[in-house]
Each structure stands twice: as structure tokens, then as C-alpha cells.
Amino acid sequence: MTIEAILKEDIKKAIQKNFDVAADDIILQPTKKEFEGFYTFVTFSLSKAARRAPAEIGQMIGADLEANSSVVSHFNVVQGFLNLSLKDTTWLELFDDIQTNPAFGTFPENGQSVMIEFSSPNTNKPLHLGHLRNDFLGESLAKILKASGFDVVKTCLVNDRGIHICKSMLAYKELGNSETPASSGLKGDHLAGKYYVLFDKEYKQQIAQLISDGMTEDLAKKNAPWMLAAQKLLLLWENNDADTVALWKKMNGWVYEGFSQTYNKIGVSFDKTYYESETYLLGKNIIEEGLQRGVFFRKKDNSVWIDLTAEGLDEKLVLRGDGTSVYITQDLGTTELKFSDYHSNRYLWVVGNEQDYHFKVLFAILKRLGRPYAEECYHISYGMVDLPSGKMKSREGTVVDADELVDQMVQTAADRTQELGKIDDFESTEAIKLYDQLALGALKYFLLKVDPKKRMLFNPEESIDFQGHTGPFVQYTYARIRSIIRKAEQAGLSAELPSPAYKLHQAERELIFSLSLYPSKVLSAANEFAPSLISLYVFELAKVYNQFYAEVSIFADPNPEAVKFRIALSKIVSETIHKALELLGIDVPERM
RNA sequence: GGUUUCGUAGCUCAAUUGGAUAGAGCACCUGACUACGGAUCAGGAGGUUUGGGGUUCGAAUCCCUACGAGACCA
């Protein structure tokens, strides 16, 4: 039983005994820093039932706990807030529980499986900053869910077909001169992206030309020669034209090579990749099934719809009049495919909040169709990443390229580290590894510290900061503790729990308290799909340790019990930082 | 136009889901055992939580309204 559970139980008893009131679930909150105590119970809501003033209730419960609870040492009451302090023996027991539990913060398998889809790039351009938030969220959530007991399958749905792909293919056919990644020295995804941009440039000129020849803008957009050619290419592709398919395969192959380099660098991987080219025809049979069962209806123009007004949504097209699919058709098919492949208990999609409506519709349709997995589908909707200059617009060239960004971060990490000159004895491979750890630590932390649901601003100058609320701050705390542990080992000092009579320093109590919060943070992060909870926690833990470090002396304390205890505390803090950062996909350096 | 999300210190974000005098980091001032790693720590200043109403013991949080921003649907 956790301390919190014991406290709740004791408070419940005290309420029952003193006021003859059956208390429902007791809620405890951490005591604010300006007051003494660690756990606070708020008594206002009891006031009516107990027919006493909140402060009086606090006094009575507090006195009862002080006398009878096995864990409470003393208390104070401020207005309706009862603040509780624990016995030192309780703190030591609590720490011992943490210390002796190698699985601290990870939960046993719960028998549930979950599939999480994320990243899902288009193969017509390289990854950018927006993908990074998605990738880091997905990768981190997968780890958090695993730690909380789920069996996790990571998937990626690659958008590898469609008109946008044909655009870059067309531009390449027209202007490519057989250029390859090898001949140009460009990464494959960047090469494909280059032709996508070239298409857009030429296309715009063609539109302008047609307009100046007297055509309306709408018509010009539809009739520009390159647009017509791209659409023709799409038809050829759909009809399996050998040359077209060959070009498509060649260019996509380059892109995949480029993507895998990037994923590798940033530590992202998938258990299963789906390709839209293999799934885009799925779903039509589901439409047929739904029509027969009366879930969908056909309009005069032969298009198929569903009426979701009862769910507060609109009528939604699910199949065009000419029998071709829309996005939702494909998603119905792909979800069915996932289910038949894995039979997972839950399905998650990490997709930007611009698609909130799309997913509401998708899930509503799945429910109408009575799919067994319909109730366990979740859209992990995250906010867009803005720049100080405003939104990222690929057409306006304001996107932040992922590869460039990572390279810049690595360079900055190298510069900072060399300025400080603490690792001048490192081999160059060690140094390079460290720069990567710091660069990605900073970047991942920056993107994961904000509540995923919220839109966030990416300020390039702040993101490369290594001080304050950053990944490297936490990494630094870890490295410093590791240095202490090494020193302790050299001195032959072991990590040991002191005798029950040991009088704890306040900084030690705060450290144990902070440590004890970790498992519940893992669970909340999993329940709320919010890695930010782990980010905020690990930063707080690092701060508490740094305060402890500044306030007490570890090796110089005259009491040998204190020395060994503080080594033990340090060790567990370093391990917890390690675990927490791991959940964020961030590496820890031994020295920096 | 319809639907929807949001608005917190100069800037970037928190606030245990309705609880205490709204907290951190950055930036700005002031300080820290000459070695347990200063990429650190301690302190100062900085707020009518966009404005206005309401609900109650209590509101950044819930309801209404105005303004502002984003997204989606045509």
C-alpha cells in the first residue's frame, strides 16, 4: 500500500469516527511550498455534512491522525487546509520500498494491446519540424504505454501515392536529367522535395500565363498543362503503367532511404509500416456492407453518404458518384486491416488537430457499423507548431527542415561543450555521441514539455538553449550524479539505508517525496496521452536534487550514516531521471 | 456564414481537473563555502489570468457575452 493510500484510509476513518459521516473518495494534494507539510487535505466540502467550520474539522482530523495514524508525525491547519507531515521512519520505509524495487515506475503487463499510428509522412517532401513533434510524441507515448503495462505496436501509414506524388514525378520527368541522390549529393527525400517545389513553381507560372490570356483563375488552375499532365500520370499509375510505376518506385525508394536516415538519427522506429498504395482501394467493401445494412444511403448522383446529424455532425460523403474513394473510405479500410492483422484492444492515431473533425466522423461511422474496436479508438490530437514569424507554410518556404534543424542543434551542442572544455579528454567518437545526445535531448525536451493538445511556438533561439527548463539541464544533473557515484565507488563507500533513529534533513525528505511521485506520473501520462507530464516531472526532480546538492554535503558530512544514505538517494535519483528521460526518448550522458 | 479550439509575467510554458498569497524557465538586477562538476544554487523585480456579467464557502478552470487568434466544413 502506498503512503497516499494509507493516509486516505486513515483520514476516512477519522472522519467517520469524529463526525459520523461516510466520506467518499478522499482527495489529497501536495502541500504548497510556503506551508509546512507534504500532503494536504481540503476540508471545505465536509463543512455541511459535519456541521462545523472547515478549520475546526481540520484540527480534529489532524489531532486524530497525529495520535492514531502510523505514518503522520504532525500537522497544521490553515483555514480549511489540513497539512500533514510524515514520520522520519515512514520516509525511510518509503525510500526503501523505492530502492528495493527494480521495476519502480513500470507496471506489470495488463494483458491489453494497443496500436499507435504516428509520423505518417508523404513521400513528396522531407520531414519538417511538424513531423518532429508528431514523431517524438508517438515514440514517447509508445514507451509510456509500455511502461504502464500495455503491449504496444507502433505503426506508420505512408502516404506514397496520389496527385502530390505525381507532381514531383512529372517535374522530375521534365527537368530531372536523370539526376539521382548519388549524382546530386542530395538526400533522397530532399531530392524528391526539390522536384515537388519545381512543379509548384512552373505550375504557378502556367496559371499566370493562362490568366493573362484571359482565362479565369479557377479554370486556369484546372487547365494548366502540368496539372493535366500530373493527373494523366495518376491515371497511368492507377492502371499500372510499367514506366510510370517504375519511376514511382525509383523515386519513392530514394525517399525511403532518406527517411530511414532521419528516423535512425532521431531514434524513431516502427513495428509495422502500411503503404497507402496498398490500402487505398480498401474500404469499398465496407461501404457496400453499410449500404446493405442501411447505415449509408445513396444519392441521385450515385454518391454514398452517411447522416451523422444525430451525433451532432453533418452528412458525410463516403464514396464519390464515380465510385472512387475519399479519405474516410480508405481509413475505414485501413482500420479494418489493422484489426485483422493485430486484433489490438485499442487504436491510437497521433495526428494534428486540424483533423479533429475527420476523426470524429471516422469513429462515429465505426460505431454505426458496430465494429468491435469502435469504442477503443482514440485520436491523439496535437497542436500545430508555429514559428515566431507565424505559421509554417511549405509553399512559402517557411518550413523548418528536420535534418537541417538537427544538424544545427548538434553544431550548437558541440560549440557549447567545447567552450566549457570539460571533456577535452574524450575520443572523437565519444564526443560526437555526446553532441548527438545533447542536441536531441534539447530538441526532444523542447517539443515534449508542452501539453500535446496545445499549439506551441518554436523559437529557434530558445530551443537551442541548454540552461533552465531544458533537456540538457536534466542531463547535466544526471551526469553530475554519476560523477558522485563514481567517486563513491572509488572510495569504497556503499549506498545504505540509515538506522531508524536517523534524523532526516528537510532536503532529503523533499527528495524522497519527489521520487515517490514518479509511478503515478507514468500512469497519468499514459491515461492522458501526455508525455509532457513526464517532462515536467523529471525537470522538477532534477531541480529538487540540485537544491539538495547545494544544501547538504554528501562526502563531508561527519555522520557516516548520512554519507551512505545520501549516496543511496543520489543513486536512485539518477536511475529515476534515466528512466523518465528514456520514456521521452532522451539519452543520458555519463559526462558532459 | 456554420462548427470547433484557444487567450495566464516582456517572452515560452505550469497550475494536481473548482481550492491557499496564480507558479517555473528565459531575459533583467543582486549574491554564492577557491574544489562532492558554476551547463549549478540562493535572492529581487515582474499579474485586474483579454474585457464585462453570472453560478458558490471559493473561479485561470464552469455558464453567458463582447473582442482577438487558430483550425475544420463548404
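Chain naming here is simple, since letters A, B, ... match the order of the sequence lines and numbering starts at 1 in each.
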Enquirer: Side-chain N or O of A:Gln547 less than 4.0 angstrom from OP1 or OP2 on B:rA42?
Expert: yes
Enquirer: Between the base of B:rA20 and the side chain of A:Thr40, is there a donor and acceptor pair under 3.5 angstrom?
Expert: yes
Enquirer: Under 4.0 angstrom, heavy atoms only, what part of the nucleic acid is A:Phe35 near: base, sugar-phosphate, or nothing?
Expert: base
Enquirer: Classify the nucleic acid contact of A:Phe473 as base, sugar-phosphate or nothing, counting any heavy atom under 4.0 Å across all strands shown.
Expert: sugar-phosphate
Enquirer: What about A:Asn83, does its side chain sit under 3.5 Å from the base of B:rA20 through a donor-acceptor pair?
Expert: yes
Enquirer: For A:Leu511 and B:rC41, give me the distance from atom CG to atom P, rounded to whole Å.
Expert: 14 Å
Enquirer: Tell me what A:Asp451 touches on the nucleic acid: a base, only sugar-phosphate, or nothing, going by heavy atoms under 4.0 Å.
Expert: sugar-phosphate
Enquirer: Figure out the CE/P separation between A:Met384 and B:rG70, and round it to whole Å.
Expert: 14 Å
Enquirer: For salt bridge (Lys or Arg N to Asp or Glu O under 4.0 Å), just list the numbers for A:Lys453 and A:Asp451, CA-CA rounded to whole Å, side-chain angles, deciding distance to a tenth of an Å, and then say yes or no.
Expert: CA-CA 6 Å; A:Lys453 292 192 288 297; A:Asp451 182 345; 3.7 Å; yes
Enquirer: Distance check, C1' atoms only: B:rU50 and B:rA9, in whole angstrom units.
Expert: 15 Å
Enquirer: Within this structure, what is the CZ-to-P distance between A:Arg455 and B:rA14, rounded to whole angstrom?
Expert: 13 Å
Enquirer: Looking at A:Tyr549, does any N or O in its side chain come under 4.0 Å of the phosphate oxygens OP1/OP2 on B:rG38?
Expert: yes
Enquirer: C1' atom, B:rG46 versus B:rC26: distance in rounded Å?
Expert: 13 Å
